[in-house]
Structures are given as structure tokens and as C-alpha cells.
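Below is one structure, written out as C-alpha cells; the observations come after it.
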Amino acid sequence: MIISDSKMNSTPKPRLRFAPSPTGHLHIGGARTALYNYLLARQTGGTFILRIEDTDLERSTPESIQAILNGMNWLKLKWDEGPFFQTKRFDLYQQHIDKLLKEGKVYPCFCTAEELDRKRKQAQSEKRKPMYDRTCFNLIKEEVRQKIDAGQPYCIRFKSPDSGETVVHDVIKGDVVVANKELDDLIIRRTDGSPTYNFTVVVDDVTMAITHVIRGDDHLNNTPRQIQLYEALGYPLPIFAHVPMILGSDRQRLSKRHGATSVIAYKEMGYLPDALLNYLARLGWSYKDQEEFTRPELIEKFSLKSCSVSAGVFNPEKLLWLNGVYIRKAKPDDLTTLIIPFLEKKGIQHIDKAVLLEGVKISQEKVKTLVEMAEMVDFFFMEVEPDEKLKVKFFTDETRPILKKIIDRLNALDPWAHDPIAAVFNHLVVETALGLGKIAQPVRVALTGRTVSAGVFEIIRILGKEKTLERIKKFV
RNA sequence: GCUCCCAUCGUCUAACGGUUAGGACGCGGCCCUCUCAAGGCCGUAAUACGGGUUCGAUUCCCGUUGGGAGCGCCA
């Protein structure tokens with residue numbers, strides 16, 4: 001009886017990781033990968049690990065590390081272990097290299113980057129697949145010794161098998177088989193002594209006891225090489241799952257050209273983290289016809305088995321719609337807290353929280369982002385000045401007498417509440433035989449400076465008698 | 001060029017080999033309405049192509065075409 005790989009590898013408590021390289025912000029695709037790992041960890045009672053892959057000393061920056069952490073925190077993708085940094089683990093990698101060296105599974109290569117570059121270009125111009133030609137593998141022992149003694153710099157290459165095939169048992173893609181002759185001897189340690197990606201992932205995933213490797217399918221081509229390294233090292237394989245890419249509207253890999261790709265940019269545009277997560281979850285995964293998922297539902301229902309196998313196009317309109325859904329569902333108190341930075345950004349200093357709460361309640365179902373919501377409530381806290389065009393259109397010889405009446409009647413109003421306020425307007429509708437729109441719209445403009453807002457009766461109520469009358473009086 | 005992956009409405013996707021091919025976003029129309037939304041109803045639109053297998057293919061197999069990824073001393 002043969003036990004399947006997945007069975008052999010399924011330990012009671014899964015350990016999953018998200019392993020970004022700190023060379024920029026946390027982007028949409030990375031966030032989704034992080035989310036899938038997170039969801040599975042939570043679903044299974046497993047562990048979610050954050051590992052920073054910073055072996056590229058040239059391009060890794062502290063700012064990027066912070067940006068990734070900020071993104072993760074904003075999305076509330078809480079990790080259980082880490083962040084671990086590969087730059088702090090060089091000793092570990094070196095130990096593994098020494099072991100392979102001793103076993104003759106790797107070898108020093110003295111070829112210079114320039115030489116290799118030349119050969120690569122030549123191969124490409126001859127329409128051949130660029131592969132290392134094993135110049136240094138074929139060196140005899142004596143030559144190797146001489147070069148090393150002479151102090152010639154070298155990197156370390158992995159001697160990959162040249163026959164047979166390597167198969168990836170991928171949970172999403174199925175079995176992917178690659179002929180070993182397609183894989184050349186990859187560099188696992190650079191001339192400067194630092195280890196390279198394909199090697200460090202393997203060592204890390206093994207030493208961190210990662211059970212499930214879930215990542216973008218741009219890594220699928222690397223996986224056979226990594227499997228060879230696992231085998232050379234004598235380590236068991238994790239379960240692999242390669243999630244499809246996220247593309248832009250032109251079906252090219254998602255990039256800045258397609259608009260915002262940074263998670264934090266969505267925060268700044270007034271998106272709610274749970275809305276983004278919900279959207280991302282559904283881009284590449286589905287559960288029947290369901291579109292909206294709370295976080296506990298995602299944790300409960302997410303499955304690699306129902307991940308899609310083909311790339312998906314990022315659709316900002318659908319994300320915007322979903323954000324609107326989340327804003328409508330949100331507790332007014334929470335929105336009140338969230339909206340304050342957006343108001344401050346507009347230069348609004350003194351915010352009456354009670355007024356803001358009321359404002360939030362009446363605009364909640366009219367907006368799709370926090371930015372829009374700030375637009376919708378800002379006039380409560382600042383003087384308004386309608387455009388000249390609006391003034392001309394709404395404050396006319398016809399409307400001024402009506403506004404005057406409104407002022408008088410509101411002034412006499414007691415109590416100051418929605419229904420009496422509505423009654424003032426409704427009586428005027430009857431008296432003047434004008435539509436409510438005709439009467440309410442000039443008031444709206446006087447009060448908010450705009451033609452679009454929440455209901456005027458509510459606005460009048462919240463704004464209070466003094467401010468309401470003051471603002472209308474300016475236009476009679 | 002070589003290797004790998006992929007292919008259902010414009011987009012995200014659903015459909016034990018048997019469905020009038022379903023849902024969602026968007027778009028259009030109607031209703032509601034103090035503006036804008038929200039909501040309700042209706043509509044629009046897809047199995048890339050060609051061969052097989054089968055009583056029957058969106059579904060399984062092969063090919064073509066198209067798209068994506070990899071081929072770095074990047075990750």
C-alpha cells in the first residue's frame with residue numbers, strides 16, 4: 001500500500017508562511033497570498049508565519065519592511081511567528097551548503113557574471129534556452145584547487161540531475177512534471193558568500209517546519225528545482241499550492257500602470273480592510289454563488305480545492321461596490337472613528353463627535369468609500385461657499401421669497417426635530433404648488449454648498465437652528 | 001526560441017458527462033424618490049477553434065490559436 005504524499009505530509013497542525021521580499025510596498029497580489037495562508041492557518045488551528053526574504057542586499061530596504069508590516073497590520077492579518085529575516089540566518093544556510101559540499105552535491109564555479117551574461121545572450125540570439133554549460137563542473141580536482149589557492153572568486157552551484165524527471169504534486173494545478181534536463185545547475189551561493197533565493201526558501205521552509213507552501217504561480221517553474229534541493233538535503237516535501245496570478249485589465253501582470261497596487265493606497269482611498277480582503281478572497285476562489293463573506297466565514301469556508309486555476313483580472317469597480325456594501329453594514333460608531341483622519345486631511349480641526357456620528361448615519365448608504373463619506377459630512381464642520389454657478393441657478397427671485405418663509409418658520413419651530421422640519425417643507429409644497437425638489441434643492445445648496453447630500457431634513461436637524469438659519473440667510 | 005501553466009458573459013465565477021449554461025460587478029430600462037445613493041423588478045451578454053471518445057460533451061483526450069509565467073550571482 002503506497003501512502004500518498006499529501007497523507008505523509010499532513011501533520012496535525014499545519015504551519016504556513018507568507019514570505020515577501022522587502023523591495024516595495026505590500027501589493028494586492030502579495031496580500032491575497034498572505035490572506036490565503038492566514039485563512040488556512042486559522043481554519044486548521046495551525047500557525048501563520050511571516051518571513052522577510054531579504055537576501056538581496058541591494059534592493060531590500062527598511063522602508064519596504066515597514067511598508068509590508070503596515071499593510072499586514074492594516075489588513076489585520078496577524079501572524080503567529082516572526083517576522084523572521086533571512087539575513088539573520090546566514091549561518092544556517094552556510095551549514096547546509098557545507099553539508100552539500102561535503103557530499104559532493106554542489107561545486108564551486110569560477111565563471112564570471114560577465115562571461116555568463118555573454119553566453120546567455122548568445123544562446124538567446126541562437127534561439128536556445130539559456131542554460132549553464134557546466135564549464136566548472138568539468139574542471140578536474142587539481143584545477144579547482146589551484147584556482148581556489150590563487151584566490152580566484154567563486155560561487156557555489158547545485159549539481160542537478162541530468163536525466164529523469166521531477167514532478168510537483170500541486171494542490172491547485174495538479175501534477176506538473178518537468179524533465180530534469182530542462183533544469184541547469186543553479187547558483188545557491190553568490191560570489192560574495194550570500195545564499196540565493198531558491199536555496200534559502202528550501203532551507204527555511206524545512207527548518208521552520210512549513211507544511212504547506214502557498215504562493216503565486218510565478219513560482220511554479222522554480223518548484224522542481226526546489227524539490228531537487230529538498231531531495232539533495234534529504235528533507236521531506238511540503239504540500240505545494242500555486243495560486244494563479246492577478247492581472248490588470250489588459251491581461252498583463254498587475255502593475256502601477258493599472259492604478260493603485262499598494263494595499264496602503266487603498267487605505268488612503270478610503271477602503272475598509274475587510275472589504276479588500278473579501279474582494280481578494282473572491283478573486284481566485286469561490287464558494288457557490290456567495291459574494292459577501294465575514295472574516296469568520298472566510299476562515300470556515302476557504303479551500304484550496306475551490307481555488308481557480310487560471311489567472312484573474314483585478315476589477316476595481318467590483319471592489320468599489322463591495323466596499324460600499326461594507327460601509328453600509330458597518331457600525332456608525334466605527335465609521336465615525338475611521339472617518340476622522342479623512343476629515344483632518346481636509347483641514348478640519350474641531351470635530352463634534354456627536355454631530356459626526358449623526359452625519360455618518362445619514363450618509364452611510366450613499367457612499368462607497370471613506371473619502372466620499374468625508375465629502376458627505378465635511379460641511380457640518382466648516383463654512384460652505386457654493387460655486388457661483390450654483391448660486392445663480394438656485395438663488396433666484398423665485399426662490400428667495402420661499403427661503404425667507406423657510407427661515408421664518410424654522411425660526412419659530414419647536415421642537416427642533418425631523419418631523420416638524422419636514423412639515424415646514426411639506427406645507428410650503430402645498431402653498432406654492434411647487435415640487436419638493438424645487439424647494440429643498442436651494443436649501444441643500446445653502447447648507448452644504450453642493451447639490452448632492454443626505455436628506456435635507458436630517459441635515460437641518462443635525463446642523464441645528466442657529467447654523468441652519470445663518471447659512472440660508474446668506475442667500476435671501 | 002525553449003519549458004511550464006491556463007482558456008465559460010467585458011470582468012470575477014457556478015454548473016456528479018444530461019441545466020432554458022446559474023450568480024455577482026458593470027451596463028441599459030422601469031419602480032421608489034427632496035438631490036445622490038440604497039433597494040425592488042426586468043433586460044444585456046459566455047462555453048476560443050478543430051478533431052476525437054460517448055446515446056449525450058462547458059465537463060474527458062489530442063491538436064491549433066490565444067494569454068500568462070519561468071529560462072538572473074532577483075525574489
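All heavy atoms count here, side chains included; hydrogens, waters and symmetry mates do not. Within every chain, numbering begins at 1; the chains are lettered A, B, ... in the order of the sequence lines, protein sequences first and strands thereafter.
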Can you see if the side chain of [X] gets near the phosphate of [N] - specifically, an N or O under 4.0 Å from OP1 or OP2?
X      : N     : value
A/R120 : B/G72 : yes
A/R251 : B/C12 : yes
A/T55  : B/A75 : yes
A/S308 : B/U13 : yes

Complement of [N], any strand, by Watson-Crick or G-U distances under 3.5 angstrom:
N     : value
B/C60 : B/G52
B/C2  : B/G70
B/C32 : none
B/A7  : B/U65
B/G43 : B/C27

Please find out if less than 6.0 Å separates the ring center of [X] from that of [Y].
X      : Y      : result
A/W79  : A/F18  : no
A/Y271 : A/Y326 : no
A/H219 : A/Y197 : yes

Quick one: does [X] reach the base of [N] with a side-chain donor-acceptor pair under 3.5 Å?
X      : N     : result
A/N221 : B/A69 : yes
A/R128 : B/C2  : no
A/N222 : B/A75 : yes

Write down the distance separating the [atom1] atoms in [N] and [M], rounded off to the nearest Å.
N     : M     : atom1 : answer
B/C55 : B/A46 : C1'   : 27 Å
B/U44 : B/U11 : C1'   : 15 Å
B/G10 : B/U3  : P     : 32 Å
B/G43 : B/C25 : C1'   : 16 Å

Over all strands shown, is [X] touching base, sugar-phosphate only, or nothing at heavy-atom distances under 4.0 angstrom?
X      : result
A/S286 : sugar-phosphate
A/R253 : sugar-phosphate
A/C111 : base
A/L283 : sugar-phosphate
A/V201 : nothing

query = Reading nucleotides 22-36 of chain B from the 5' end, what letters show protein touch, with B for base, S for backbone sugar-phosphate only, - for no heavy atom under 4.0 Å?
reply = BBBB--------BBB
To the nearest angstrom, how far is [X] atom [atom1] from [N] atom [atom2]?
X      : N     : atom1 : atom2 : answer
A/L254 : B/G68 : CG    : P     : 14 Å
A/E126 : B/C2  : CD    : P     : 15 Å
A/Q124 : B/G72 : CD    : C1'   : 10 Å
A/E58  : B/C73 : CD    : P     : 14 Å
A/L220 : B/A75 : CG    : P     : 19 Å
A/Q252 : B/U11 : CD    : P     : 15 Å
A/M245 : B/C12 : CE    : P     : 15 Å

ask   = More than 12 foreign heavy atoms under 6.0 Å from NZ of A/K346: is that the case here?
value = yes
message = Would the distance check show the side chain of A/R471 and the main-chain N or O of A/L447 forming a donor-acceptor pair, the cut-off being under 3.5 Å?
response = yes
key: Check: A/N37 side chain, A/L16 main-chain N or O, donor-acceptor pair, under 3.5 Å   = no
task = Could you tell me whether the side chains of A/R189 and A/Q94 share a donor-acceptor contact shorter than 3.5 Å?
result = yes
ask   = How about A/T87 and A/D54: does a side-chain donor come under 3.5 Å of a side-chain acceptor?
value = yes
Kindly point out which of [options] is positioned nearest to the side chain of [X]?
X      : options             : value
A/H219 : B/G68, B/A75, B/A38 : B/A75
A/Y197 : B/G1, B/A75, B/C6   : B/A75
A/E365 : B/C5, B/A38, B/C74  : B/A38

query = Do A/P161 and A/Q228 come close enough that some side-chain heavy atom pair is under 4.5 Å?
reply = yes
For A/F342, all residues meeting ring-ring contact (aromatic ring centres under 6.0 Å, His included), sequence neighbours excluded = none
